[in-house]
Participant: 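Can you keep this structure in mind? I'll have questions shortly.
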Amino acid sequence: MLMKLNPNNPIGVFDSGVGGLTVARAISERLPLENIIYFGDTARVPYGVKSPETISRYATQITEFLLRQKVKVLIVACNTMAAVAYGAIKDLSSVPVLDVVDAGARSAVAETHNKYVGVIGTPATINSNAYTRAINTYDPKITVFSQPCPLFVPLVEEGWLDHQVTRLTAQEYLKPVVAQNIDTLVLGCTHYPLLKPLLREVLGNQITLVDSARTIARETEELLRKNSLQNSQEKPSEYRFYVTDVPLRFKEIGERFLGRTLSNITVVKW
Ligand code: DGL
């Protein structure tokens, strides 16, 4: 049951690590007046190669934490958590929940003309089949081709956004998907929007890239408007970051994802 929510409360955005900062960034660009609490489980990342049971357990813990911080809406920025644990998160939540898988699926359905859609993501996301299910719920006539791309996450964290190794990796991963004549490709992972220029180069201009970070920012705006939950305070917006570890190069990597300086960081010890 949804409780009465205070529009001045923050938006809760969460991810397995720093990657979800691409979503926080898209939300802050679209909704500059909103306060954001970001949670990144940096001690336990990556989730994309873990079992569904473990991913759901971690997702539940983070959801409980953010609800205690009195967020007015929860944004599951992590594709892997959205794909595997959306049901568990939703069951637990007393506030509206938006997730990147649903946002990406809806956007792909709107974009495709020939009804052949590709999806790339972590192994856990692809194995869950969540994107195919979501896309086919909106349009059963669409054929979905999925491809796990496990090497993209470490390559992006290394900052190899325009590097020959990443280019060759992308060619290798995308070859079978492109061979299926897709006209739309869903970037089903928090890290992939940073690879957009390189993917564009590898794929050419004929394939539409669906960036779920941007899509979910638009959906967040709609949700807040429909529920009269827009922040009405006139103060500058406030961002708080909670992480479970501060790994080496955390600030550098995080700032690349967020596109601005990272401050106000609290380490949560679990
Ligand atoms: N955040 C994850 C996702 O979007 C990628 C990193 C991980 O494997 O935890 O799928």
Side-chain angles (χ1 to χ4, degrees), residues 11-31 36-41 45-48 50 52 55-56 58-59 62-63 66 71 73-90 93 95-111 117-138 144 146-149 152-153 156 184-196 199 208-224 257-258:
I11 295 174
V13 179
F14 66 104
D15 179 43
S16 54
V18 287
L21 290 171
T22 51
V23 172
R25 175 185 189 162
I27 292 175
S28 72
E29 283 167 3
R30 191 150 191 129
L31 300 165
I36 296 177
I37 293 190
Y38 180 86
F39 189 101
D41 194 1
V45 71
Y47 282 17
K50 293 191 167 68
I55 296 165
S56 295
Y58 292 172
I62 301 171
T63 303
L66 285 173
V71 295
V73 43
L74 273 175
I75 311 290
V76 190
C78 179
N79 287 259
T80 302
M81 275 195 264
V84 172
Y86 176 75
I89 297 165
K90 185 102 180 70
S93 183
V95 304
V97 182
L98 287 180
D99 77 284
V100 278
V101 170
D102 185 66
R106 288 217 275 170
S107 198
V109 171
E111 291 292 343
V117 171
V119 177
I120 54 175
T122 65
T125 298
I126 300 304
N127 289 341
S128 75
N129 234 3
Y131 267 107
T132 309
R133 273 200 313 275
I135 290 171
N136 286 149
T137 305
Y138 293 117
V144 182
S146 303
Q147 171 71 43
C149 303
F152 278 171
V153 166
V156 170
T184 304
L185 179 70
V186 180
L187 309 182
C189 175
T190 46
H191 289 54
Y192 302 175
L194 276 86
L195 290 176
K196 255 205 253 176
L199 294 174
T208 304
L209 299 181
V210 170
D211 170 347
S212 39
R214 285 218 187 143
T215 314
I216 203 152
R218 203 176 50 229
E219 291 196 350
T220 307
E221 185 179 31
E222 261 171 49
L223 177 99
L224 297 184
F257 280 90
L258 187 64

Participant: Do I135 and V119 make a side-chain contact, defined as non-hydrogen atoms from C-beta onward lying under 4.5 Å apart?
Facilitator: yes

Participant: What is the distance from atom CD of E111 to atom CG of L185, rounded to the nearest 0.5 Å?
Facilitator: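 Here the interatomic distance stands at 12.0 Å.
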
Participant: Which value, rounded to the nearest 0.5 Å, describes the distance between C78 atom SG and D41 atom CG?
Facilitator: 9.5 Å

Participant: Could you give the distance from OG1 (T63) to CD1 (I89), rounded to the nearest 0.5 Å?
Facilitator: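 It is 4.5 Å, given to the nearest 0.5 Å.
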
Participant: Between A108 and T184, what is the shortest heavy-atom contact and its length?
Facilitator: CA-CG2, 4.2 Å

Participant: Please list, chain by chain and in numerical order, all residues satisfying side chain to side chain donor-acceptor pair (under 3.5 Å) with N129, sequence neighbours excluded.
Facilitator: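 Applying side chain to side chain donor-acceptor pair (under 3.5 Å) to N129 gives T132.
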
Participant: Starting at CG of L224, measure out to CD of E219 and round the result to the nearest 0.5 Å.
Facilitator: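 Here the interatomic distance stands at 11.5 Å.
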
Participant: Does any pair with a residue in residues 13-28 pass salt bridge (Lys or Arg N to Asp or Glu O under 4.0 Å), and if so which ones, sequence neighbours excluded?
Facilitator: R25-E29

Participant: Using a 4.5 Å cut-off on heavy atoms from C-beta on, say whether the side chain of Y131 contacts that of T125.
Facilitator: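 Yes; the side chains approach each other to less than 4.5 Å.
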
Participant: Please evaluate residues F257 and T190 with respect to the criterion side chain to side chain contact (heavy atoms under 4.5 Å, CB included), reporting the C-alpha separation (whole Å), side-chain torsions for both, the decisive distance (0.1 Å), and the verdict.
Facilitator: CA-CA 9 Å; F257 280 90; T190 46; 5.7 Å; no

Participant: Of all residues at least two apart in sequence or in a different chain, which pass the salt bridge (Lys or Arg N to Asp or Glu O under 4.0 Å) check with K90?
Facilitator: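 By the salt bridge (Lys or Arg N to Asp or Glu O under 4.0 Å) rule, K90 matches no residue at all.
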
Participant: Checking V153 against C189 for the side chain to side chain contact (heavy atoms under 4.5 Å, CB included) test, could you report, in this order, the C-alpha distance in whole Å, the side-chain angles of both residues, the deciding distance, and whether it holds?
Facilitator: CA-CA 8 Å; V153 166; C189 175; 3.8 Å; yes

Participant: D99: what forms a salt bridge (Lys or Arg N to Asp or Glu O under 4.0 Å) with it, not counting sequence neighbours?
Facilitator: none

Participant: Using side chain to side chain donor-acceptor pair (under 3.5 Å) as the criterion, list what pairs up with Q147, not counting sequence neighbours.
Facilitator: none

Participant: Let me see the working for I120 and F152 under side chain to side chain contact (heavy atoms under 4.5 Å, CB included), right down to the final yes or no.
Facilitator: CA-CA 10 Å; I120 54 175; F152 278 171; 4.2 Å; yes

Participant: Return the set of residues passing side chain to side chain contact (heavy atoms under 4.5 Å, CB included) with A130 (not counting sequence neighbours), or none when no residue passes.
Facilitator: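 Checked A130 against side chain to side chain contact (heavy atoms under 4.5 Å, CB included); matches are A83, V101, S128, R133.
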
Participant: Could you pull out all residues at least two apart from V45 that satisfy side chain to side chain contact (heavy atoms under 4.5 Å, CB included)?
Facilitator: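 Result, side chain to side chain contact (heavy atoms under 4.5 Å, CB included) vs V45: S16.
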
Participant: State, to 0.1 Å, how close I37 and L66 come at their nearest heavy-atom pair, and which atoms those are.
Facilitator: CG2-CD2, 3.6 Å

Participant: Less than 4.5 Å apart, side chain to side chain, heavy atoms only: is that true for L187 and K196?
Facilitator: yes

Participant: Can you tell me how far the CZ atom of R218 sits from the CZ atom of R214, to the nearest 0.5 Å?
Facilitator: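 If I round to the nearest 0.5 Å, the distance is 10.0 Å.
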
Participant: What's the shortest heavy-atom distance between M81 and A59, and which atoms?
Facilitator: SD-CB, 3.5 Å

Participant: Looking only at heavy atoms, which two atoms of A77 and V100 are closest? And how far apart?
Facilitator: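 So the two residues come closest at O-CG2, 3.5 Å.
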
Participant: Using side-chain heavy atoms (C-beta onward) and a distance below 4.5 Å, is T122 in contact with N79?
Facilitator: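 No. Closest side-chain heavy atoms not under 4.5 Å.
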
Participant: Would you tell me whether Y86 and D102 have side-chain atoms, one donor and one acceptor, within less than 3.5 Å of each other?
Facilitator: no

Participant: Does P193 have any side chain to side chain contact (heavy atoms under 4.5 Å, CB included) partners at least two apart in sequence or in another chain, and if so, which?
Facilitator: D211

Participant: Going by the rule side chain to side chain donor-acceptor pair (under 3.5 Å), which residues pair with Y58 if we only count those two or more places apart in sequence or in a different chain?
Facilitator: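 Residues passing side chain to side chain donor-acceptor pair (under 3.5 Å) with Y58: none at all.
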
Participant: Report the residues that fulfil side chain to side chain donor-acceptor pair (under 3.5 Å) with Y192, sequence neighbours left out, ordered by chain and then residue number.
Facilitator: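 Residues passing side chain to side chain donor-acceptor pair (under 3.5 Å) with Y192: none at all.
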
Participant: Could you work out, with salt bridge (Lys or Arg N to Asp or Glu O under 4.0 Å) as the rule, every residue matching E221, not counting sequence neighbours?
Facilitator: R30

Participant: Starting at CG of N127, measure out to OG1 of T80 and round the result to the nearest 0.5 Å.
Facilitator: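 Spacing of CG (N127) from OG1 (T80) equals 10.5 Å.
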
Participant: Would a distance-only check, ignoring hydrogens and angles, find a side-chain to backbone donor-acceptor pair under 3.5 Å from S56 to P52?
Facilitator: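 Looks like yes, one N/O pair under 3.5 Å.
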
Participant: Please list, chain by chain and in numerical order, all residues satisfying side chain to side chain contact (heavy atoms under 4.5 Å, CB included) with I27, sequence neighbours excluded.
Facilitator: I11, V13, V23, L31, I36, I75, A217, T220

Participant: Which heavy-atom pair separates A124 from K50 by the least distance, and what is that distance?
Facilitator: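 So the minimum-distance heavy-atom pair works out to CB-O, 4.1 Å.
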
Participant: Kindly give the heavy-atom pair with the smallest separation between A213 and T22, and that separation in Å.
Facilitator: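 Closest approach of A213 to T22, heavy atoms only: CB-O, 3.8 Å.
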
Participant: Would you say Y38's side chain and L21's backbone share a donor-acceptor pair under 3.5 angstrom?
Facilitator: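 Pair found, side chain donor or acceptor close to backbone of L21.
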
